[in-house]
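See structure below.
Below, each value reflects all heavy atoms present in this structure, side chains not excepted, and no hydrogens, waters or symmetry copies.
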Amino acid sequence: MPRVQLIDAEGQNRGEVSINDALLLAEEAGLDLVEISPNAQPPVVKILDLGKLKYANQKKAAEARKNQKVIEIKEIKMRPNIDNHDYETKMKAVRRFFEEGDKVKLTLRFRGREMAHMELGMQLLNKVREEVAPIAKVEAEPKLEGRQMMMVLAPR
């Protein structure tokens, strides 16, 4: 006859009893017999209301989900020959995204003859990198895909 360590509905340790006795006690109390730790020697069971336990666990999970922050990737698009004021405006947005805990994907689009001057794009991305160095780290180095150069930054 297998034996289990029984904890009753009041949380009192009843010691080792046979499984049948434990089931009878649970039935008398009108509650369920729930296995708490199956790997213990002997296994530990507790008399409690399974519905209440499931409800409590659901509540706990919902609370945990509510408190977590979903990290989004925000995209900022620029051109290699961006004007100073436009650049400052975009950088303000980038800083705001970092404060909100989001990642930022910087996309530089080259048009027409700008393709001949890739180094201008690299200079711009390096300028951005240096400017946000205290608050962000580079997650994906600048790379060229077709007519676009991309770099991903993540908040520190």
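Across all their heavy atoms, A154 and E139 have their closest contact at CB-OE2, 3.5 Å. Scanning all heavy atoms of the two residues, the minimum distance from L33 to L6 falls at CD1-CD1, 3.9 Å. Residues P80 and L108 approach most closely at N-CD2, 4.1 Å, considering heavy atoms. Contact record, M151 with P142: SD-CG, 3.6 Å, taken as the closest heavy-atom pair. V132 and M91 make their closest contact through CG1-CE, 3.6 Å (heavy atoms, listed as atom of the first residue, atom of the second, distance).
Between E131 and R95, at least one side-chain nitrogen of the basic residue sits less than 4.0 Å from a carboxylate oxygen of the acidic one, meeting the salt-bridge criterion. A salt bridge is absent between K143 and E141: the closest approach of a Lys/Arg side-chain nitrogen to an acidic carboxylate oxygen does not fall below 4.0 angstrom.
For the atom pair M150 CE and L125 CG, the distance stands at 11.0 Å (nearest 0.5 Å). Here the straight-line distance linking atom OG1 of T89 with atom CD1 of I76 works out to 10.5 Å at 0.5 Å rounding. To the nearest 0.5 Å, the span separating CD on E88 from NE2 on H85 amounts to 8.5 Å. Taking CG from L48 and CG from D8, the interatomic distance works out to 10.5 Å, rounded to the nearest 0.5 Å. Once rounded to the nearest 0.5 Å, the distance linking CZ of R109 with CZ of R79 reads 9.0 Å.
For the pair R3 (side chain) and E16 (backbone), a donor-acceptor distance under 3.5 Å is present. Of the possible donor and acceptor atoms, none in the side chain of D102 sits under 3.5 Å from a partner among the backbone N and O of K74. Side chain of K90 to main chain of K77: a donor-acceptor pair is present (N/O by atom type, distance under 3.5 Å, no hydrogens or angles). Judged purely by atom type and a 3.5 angstrom limit, R65 has no side-chain atom pairing as donor or acceptor with the backbone of K60. Looking at D83, its side chain never comes within 3.5 Å of a backbone N or O of D86 through a donor-acceptor pair.
M122 is connected to L144 through a chain of hydrophobic side-chain contacts under 4.5 Å among Ile, Leu, Val, Met, Phe, Trp and Tyr, so both are in one cluster. Linking ILVMFWY side-chain heavy atoms closer than 4.5 Å, directly or via other members, places F110 and I82 in a single hydrophobic cluster. With hydrophobic clusters built from ILVMFWY side chains whose heavy atoms lie under 4.5 angstrom apart, V34 does not share a cluster with V45. In the hydrophobic clustering of ILVMFWY residues, with side-chain heavy atoms under 4.5 Å counting as a link, M78 and I73 come out apart. Note on I135 and V104: same hydrophobic cluster, where clusters join Ile, Leu, Val, Met, Phe, Trp and Tyr whose side-chain heavy atoms are under 4.5 Å apart, directly or indirectly.
For residues 29-44, the set of pairs meeting the salt bridge (charged side-chain N to carboxylate O under 4.0 Å, His left out) definition, not counting sequence neighbours, is empty.
Looking at T107 and E75, their side chains do bring a donor and an acceptor atom within 3.5 Å of each other.
Residue Q148 places its CD atom among more than 12 non-hydrogen atoms of other residues, nucleotides or ligands, all under 6.0 Å distant. Enclosure of atom CZ in R113 is not indicated, since only 12 or fewer non-hydrogen atoms of other residues, nucleotides or ligands lie within 6.0 angstrom. R129 CZ: more than 12 foreign heavy atoms inside a 6.0 Å radius.
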* Check the pair E63, K66 against salt bridge (Lys or Arg N to Asp or Glu O under 4.0 Å), reporting the backbone distance first and the verdict last. => CA-CA 5 Å; E63 191 62 35; K66 196 172 79 179; 3.7 Å; yes
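Of the candidates I36, V17, N13, N13 is the only one forming a side chain to side chain contact (heavy atoms under 4.5 Å, CB included) with Q5.
Checked against side chain to side chain donor-acceptor pair (under 3.5 Å), D21 has the following partners two or more places apart in sequence or in another chain: S18.
Both tests pass for K127 against the ring of Y87: distance under 6.0 Å to the centre and angle within 45° of the axis.
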